[in-house]
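Numbering of residues begins at 1 and proceeds along the displayed sequence.
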Amino acid sequence: MAAFISALFLSLLCGLFYNFWNYEIESVVLEEGNWQGRISGALEEDELSEIENFANVKTAAINEDLSDEQTLVVDICFDDMRAVYQDMPLIAQQLGVPETSVSYHESLLSSYFINDPQNSNPPLLMAFYLFVLLLVSVSLILIIHNSFAVSMNARVHQFGIFSSIGATPGQIRTCLLQEAAMLCVLPILLGSFVGIALTFGAIQAVNILADGIVGRHEAAFTYHPLVFAVTILTSFLTVLISAWLPARKLSKITPLEAIKNTGELQLKRRKKSRILALLFGTEGELAGNALKAQKKSLRTATLSLTLSFLGFALMLSFFTLSGISTNHTYFERYQDAWDVMATLEDTKIEDFSHTEEIHALTDTDSVIYQKAIAVCSVPSGRCQRRSKKSGRP
């Protein structure tokens with residue numbers, strides 16, 4: 001059961017991370033297009049074949065929306081996109097255009113953990129994910145190793161007999177680890193498949209809950225064999241480490257101690273608790289002594305719960321900061337997305353009467369007024385009259 005629960009949680013964690021990552025890539029592709037490098041300049045259409053024949057170039061297509069009579073824009077995809085920052089300058093050099101004509105699909109490349117080599121502050125998403133996975137694994141090890149300890153401690157007398165007839169500590173450890181591995185193969189596989197099913201259910205639940213959000217595309221459940229391999233490997237390592245900790249301790253017990261089997265729930269120094277005895281009588285004092293005898297197990301449980309809450313808090317912080325970062329970078333990306341700006345000082349918006357003339361110009365898409373933050377004092381009487389007109393309290 002311990003192996004099943006650990007495999008289930010690890011499978012759910014890996015599956016959700018992979019689907020969230022895949023959904024982020026789909027959003028970028030739908031919003032900004034599926035290209036990795038872009039070259040714009042006074043190019044000829046016959047130079048497109050020259051780009052396609054360049055080593056590592058997968059596809060090269062003319063962007064009809066951005067191209068015009070003077071400028072040709074070519075979107076390029078690579079077989080090995082990790083070489084995009086090395087190959088794009090070479091392509092520009094071969095075509096005879098300056099490097100300033102080269103642009104990169106940074107939002108898509110960063111989703112694949114490909115960053116500009118000259119960037120001194122690359123994203124740490126993968127490092128964060130590995131840290132959370134390690135934190136969850138350590139927490140599971142601390143939780144489930146007690147299950148193995150209870151099972152193995154029940155057979156201390158048997159191990160003492162084995163040791164007395166010549167079994168070495170290494171042989172005892174190997175025996176215990178082999179037994180743990182054989183017992184946990186089916187639970188790990190079952191827990192992994194149940195985790196995949198829960199991941200699918202979570203994705204469908206998110207689609208149902210977020211059905212009314214405007215501009216959101218529906219998330220599709222995806223699963224990669226590599227994710228399954230990582231889940232199985234992490235689960236087996238978690239179980240083996242959990243079993244190795246008590247096995248290592250049992251292998252160090254001398255044959256006489258093992259045969260005698262004194263047990264480990266003993267107080268090194270018995271101390272009478274007057275407060276517990278006064279409040280709960282003899283039962284309270286016995287319970288206090290039992291808790292003191294299991295002080296080490298209680299510390300392990302406290303530490304595992306602390307790590308679990310820490311991992312949960314980190315996940316919440318990650319998704320919150322991710323949303324804030326998306327909104328912030330979106331605003332930074334598009335707040336200056338204009339071609340021509342004209343500033344008219346000391347002019348009110350209602351006095352500007354050239355909007356129709358600007359719209360009448362050839363290839364003009366839109367006219368946007370940029371507003372500034374202002375503070376205005378409104379008399380209380382006007383506020384009341386306005387509220388009565390609008391029907392608001």
In Å and rounded to the nearest 0.5 Å, what is the [atom1] to [atom2] distance from [X] to [Y]?
{"X": "L177", "Y": "M182", "atom1": "CG", "atom2": "CE", "result": "13.5 Å"}
{"X": "I188", "Y": "L183", "atom1": "CD1", "atom2": "CG", "result": "11.0 Å"}
{"X": "Y85", "Y": "I114", "atom1": "OH", "atom2": "CD1", "result": "8.0 Å"}
{"X": "Q204", "Y": "L209", "atom1": "CD", "atom2": "CG", "result": "11.5 Å"}
{"X": "I25", "Y": "L108", "atom1": "CD1", "atom2": "CG", "result": "6.5 Å"}
{"X": "I172", "Y": "R248", "atom1": "CD1", "atom2": "CZ", "result": "14.5 Å"}

Nearest heavy-atom neighbours spanning [X] and [Y]:
{"X": "C184", "Y": "V239", "answer": "SG-CG1, 3.5 Å"}
{"X": "M88", "Y": "I76", "answer": "SD-CD1, 4.1 Å"}
{"X": "A7", "Y": "S235", "answer": "CA-OG, 3.5 Å"}
{"X": "T231", "Y": "C14", "answer": "OG1-CB, 3.6 Å"}
{"X": "N19", "Y": "F221", "answer": "OD1-CA, 3.5 Å"}
{"X": "V230", "Y": "T234", "answer": "O-OG1, 2.7 Å"}

Check: [X] side chain, [Y] main-chain N or O, donor-acceptor pair, under 3.5 Å:
{"X": "S110", "Y": "S107", "result": "yes"}
{"X": "S101", "Y": "S40", "result": "yes"}
{"X": "T71", "Y": "D68", "result": "no"}

Do [X] and [Y] have side chains that approach each other closer than 4.5 Å (heavy atoms only, starting at C-beta)?
{"X": "V102", "Y": "Y104", "value": "yes"}
{"X": "L8", "Y": "L190", "value": "no"}
{"X": "S11", "Y": "V194", "value": "no"}
{"X": "F4", "Y": "L186", "value": "no"}
{"X": "D75", "Y": "H105", "value": "no"}

Task: Step-by-step side-chain contact (heavy atoms from CB on, under 4.5 Å) determination, F17 to V227 - done: CA-CA 10 Å; F17 257 105; V227 180; over 6 Å; no
Open item on the list: Less than 6.0 angstrom separating the ring centers of F193 and F228, yes or no?
Closed with: yes
Indicate, with yes or no, if [Y] and [X] share a hydrophobic cluster defined by side-chain heavy-atom contacts under 4.5 Å among Ile, Leu, Val, Met, Phe, Trp and Tyr.
{"X": "V97", "Y": "V74", "answer": "yes"}
{"X": "L240", "Y": "L233", "answer": "no"}
{"X": "L189", "Y": "L237", "answer": "no"}
{"X": "V29", "Y": "Y18", "answer": "yes"}

TODO: Hey, could you give me each pair passing salt bridge (Lys or Arg N to Asp or Glu O under 4.0 Å) that has a residue in residues 80-93? Not counting sequence neighbours.
DONE: none
Task: Check against side-chain contact (heavy atoms from CB on, under 4.5 Å), W35 and T59 - done: CA-CA 9 Å; W35 56 276; T59 59; over 6 Å; no
TODO: Evaluate the ring planes of W21 and Y112, with Trp represented by its six-membered ring, and classify them as parallel (under 30°), tilted (30 to 60°) or perpendicular (over 60°).
DONE: perpendicular
Open item on the list: Would you call the rings of H217 and Y23 parallel, tilted or perpendicular, taking 30° and 60° as the class edges?
Closed with: parallel
Task: Chi angles and distances behind the side-chain contact (heavy atoms from CB on, under 4.5 Å) call for Y223, N22 - done: CA-CA 10 Å; Y223 202 81; N22 190 71; over 6 Å; no
Would you say that more than 12 heavy atoms from the other residues, nucleotides or ligands in this model lie under 6.0 Å from the [atom1] of [X], or not?
{"X": "Q93", "atom1": "CD", "answer": "no"}
{"X": "E218", "atom1": "CD", "answer": "no"}
{"X": "F78", "atom1": "CZ", "answer": "yes"}

Open item on the list: Show, in sequence, the C-alpha distance, side-chain angles and deciding distance for R38 and L66, and conclude whether the side-chain contact (heavy atoms from CB on, under 4.5 Å) test is met.
Closed with: CA-CA 11 Å; R38 176 176 286 171; L66 300 179; 3.2 Å; yes
